[in-house]
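First the proteins, then the strands, lettered A, B, ... as listed; each starts at 1.
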Amino acid sequence: MARQHPITTEASSGAGALEITGLSVEYVTKRSRTRVIDNLTLTLQPDEMLGVVGESGCGKSTLAYSIMRMIPPPGRPVAGAIRFGRHGDLLSVPELYMNRLRGDRIAMIFQGAQSVFNPVRRIGRQVEDVFQAHGKDRRKGLERARELLKATQLDPGRVLKSYPHEMSGGMRQRVAIAMALLLDPEILILDEPTSALDVVSQAAILELLVEIRQRFHVSLIFITHDFAVVSSHADRIAVMYAGHIVEIGRADEIFRVPRHPYTKGLIQAIPNIRGPLRDIRAMDGEPPDLSKEIVGCPFAPRCPEVMDACRSYKPELLTIAPGHEAACIRAAMAEAQ
Amino acid sequence: MAVLSLSHIHKDFTVGLRPIFKPPRRLHALRDVTMELERGDIVAVVGESGCGKSTLARIAAGVSDPSSGTIRIQGMDLHAVSRAKARELRRSVQIVHQDPYAALNPTMTVYQALSAPLLIHRMVAKGQVRDRVMELLRMVGLNESHLAKYPNELSGGQRQRVVLARAFTVKPDVIVADEAVSAIDVSMRQTILSVMQRIHDEEGTAYLFITHDLGLARYFAQSGIIAVMYAGRVMEYGDTEAVIKGPRHPYTAILRQAVPDPDPELNQTQDLIPVRSTELPDLTQEETGCAFSARCPFAVDRCMSEVPALRPVAGADGRPVLVACHRAEELELPQEEPEVELA
């Protein structure tokens with residue numbers, strides 16, 4: 001069955017690894033219609049590590065699920081396209097074809113490394129399962145697994161014979177990363193990969209991801225609620241708020257010259273360890289209710305720099321500096337002057 | 001006089017099946033922990049998962065009993081006083097958990113949640129209950145409109161405020177905050193922290209602030225104390241800024257360097273101490289040496305054979321900190337560099 005949709009393997013063109021344009025996702029029930037992603041446009045560059053940061057309910061996980069076309073019902077994409085090179089629009093390719101792409105060309109590590117494994121099968125068997133499911137040679141698979149486990153600084157002999165419960169959280173996350181790379185994907189999506197880990201393990205995983213990206217030429221989408229985690233390791237950061245990307249740009253630039261008031265607030269809310277103790281500040285209010293229609297900028301009710309125009313006009317992402325975009329009227333005006 | 005004092009607290013748990021002919025396997029969650037809180041003190045306890053910090057919180061709050069050791073509240077040994085007296089004393093230590101969703105009864109309104117303890121403990125006369133509830137709500141930044149709400153109608157941040165207000169109904173001397181803001185989004189964390197800070201400033205409430213987040217510990221206990229725990233033991237204990245700027249225990253130094261900094265440049269100068277492993281020791285084994293020795297890049301033979309005592313060592317600012325490391329004096333751990341002016 002699966003052979004009816006062989007995956008083309010010619011080299012991709014020079015464009016972005018993934019181009020999302022005008023994506024909107026809604027959760028529709030009889031009583032409500034909640035727009036969790038609203039007209040989102042984003043291009044993932046080849047071999048880059050893109051950090052997607054935002055608070056609960058901002059749509060960052062839904063973005064990941066949209067790319068995998070695995071949005072849990074009743075959610076569904078209502079507009080837009082996700083172009084993945086020669087494969088076309090991921091929102092409209094046949095389900096069987098999508099099935100072949102998942103895990104093979106685009107892999108995802110879900111939140112909670114504890115739960116991604118089958119608890120009653122040894123890791124070695126689960127590696128074989130991956131290759132079998134994709135109609136590939138299992139023996140070659142084990143060789144590849146050995147290579148990848150070594151790359152993630154684990155002992156392949158021991159890990160392949162282990163059950164998931166025999167490993168610590170940090171080890172499981174390493175194994176999950178190795179398994180996700182088994183079929184040599186072009187894109188790896190990681191949803192809160194370090195949130196369940198202790199800070200020392202987290203630091204090790206972050207170093208590992210940086211290394212893996214270079215060695216295996218894979219684009220990483222790193223989703224997290226922790227700004228410091230991505231600003232320290234990602235190439236670019238996309239800041240999400242209420243279903244929108246409100247700011248995107250190079251990590252160091254976003255940190256040094258944040259242009260969107262929400263990004264500024266997010267940075268000011270992190271207590272620092274190095275240097276003199278900074279005061280942290282809270283933002284007023286709470287994120288908007290996405291089941292109601294939002295007029296104007298979704299951040300306006302909480303924004304310390306709000307202007308009248310913000311309450312009636314919804315800002316789009318505008319280029320503020322080369323490679324730095326923000327969806328803020330004030331930022332755009334400051335730039336125009 | 002200390003409002004809460006814990007001395008030589010040990011806590012064991014039985015793990016696995018209970019064998020018939022030999023003693024059961026014991027997991028040593030806490031080993032010889034001693035801590036004192038005076039009125040208005042803030043002690044932040046930091047450590048990784050499994051270090052015993054939550055067990056310590058539960059014991060301090062009286063939710064769980066220690067296997068051995070003494071708990072004194074207002075100078076009185078809980079085991080030496082009558083049960084009625086012990087209950088009365090325990091009331092002065094209240095706990096706030098991580099999950100405000102689970103901490104509130106979903107079928108009780110905010111008013112009910114806050115009035116029940118006032119009535120049960122006869123904190124105020126019946127006629128004044130409503131006034132007191134309003135006073136508590138205002139203290140945590142909520143108002144009359146929240147009185148009739150059920151927990152599911154409140155956001156996470158608002159729920160945690162209700163939990164704080166409830167903890168405060170009985171006017172405790174100590175609040176044990178076990179990861180109290182960890183489940184709250186960063187943009188709203190500071191409002192909860194400032195409520196806690198205000199209660200501290202106005203009422204002199206002491207805090208045992210348990211967290212895995214070193215940055216948060218530094219912020220909340222900025223004028224207080226940090227206790228760093230590892231494998232059930234306190235590894236370092238001292239004034240917050242001294243511990244953060246110039247850790248004397250290798251574990252504290254490794255923990256500190258592992259915290260990612262939002263500034264991409266600061267991270268590139270990181271990793272001054274190599275980390276040998278990220279695995280925690282087996283807590284069911286009897287201790288033969290320093291619990292951290294297996295991961296410590298500076299471990300010597302003595303570290304494997306002798307458990308280091310928590311002892312005073314000169315800290316970064318000259319004042320003593322308590323450190324459980326044989327080599328604390330001789331090691332040159334990375335210290336905070338002189339402050340650089342940022343443009």
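Checked for salt-bridge contact, A/R274 and B/D263 miss the test: no charged N lies under 4.0 Å from a carboxylate O.
Closest non-hydrogen pair, B/I244 versus A/I273, comes out as CG2-O, 3.6 Å. Here the shortest heavy-atom pairing between A/V199 and B/V259 reads CG2-N, 3.6 Å.
At a cut-off of 3.5 Å, with distance as the only test, a side-chain donor of B/S49 or A/D198 sits close to an acceptor on the other residue.
Heavy-atom pairs under 4.5 Å with chain B were tallied for A/I270, A/I254, A/N272; the largest tally goes to A/N272. Most heavy-atom pairs under 4.5 Å with chain A, from the set B/L193, B/L214, B/D213: that is B/L214. Counting heavy-atom pairs closer than 4.5 Å to chain B, the top-ranked of the candidates A/V230, A/L266, A/D279 is A/D279.
Remark: B/R319 CZ is loosely packed, at most 12 non-hydrogen atoms of other residues, nucleotides or ligands lying under 6.0 Å away. Counting non-hydrogen atoms of neighbouring residues, nucleotides and ligands closer than 6.0 angstrom, the CG atom of B/D282 exceeds 12 such neighbours.
Heavy-atom distances place the backbone of A/R281, and not its side chain, under 4.5 Å from chain B. With a 4.5 Å cut-off on non-hydrogen atoms, A/E55 touches chain B through its backbone and its side chain both.
Going from atom CG of B/D261 over to atom CZ of A/F255 covers 6.5 Å, rounded to the nearest 0.5 Å. Here OG of B/S194 is found 9.0 Å from CD1 of A/I280. Values are rounded to the nearest 0.5 Å.
Looking at B/P262 and A/S231, their side chains come closer than 4.5 Å, going by heavy atoms from C-beta outward.
Within residues 185-192 of chain B, the residues having any heavy atom closer than 4.5 Å to a heavy atom of chain A are B/D185, B/V186, B/S187, B/M188, B/Q190, B/T191, listed by residue number. Heavy-atom proximity under 4.5 angstrom to chain A picks out B/G215, B/L216, B/R218, B/Y219, B/Q222 from residues 215-224 of chain B.
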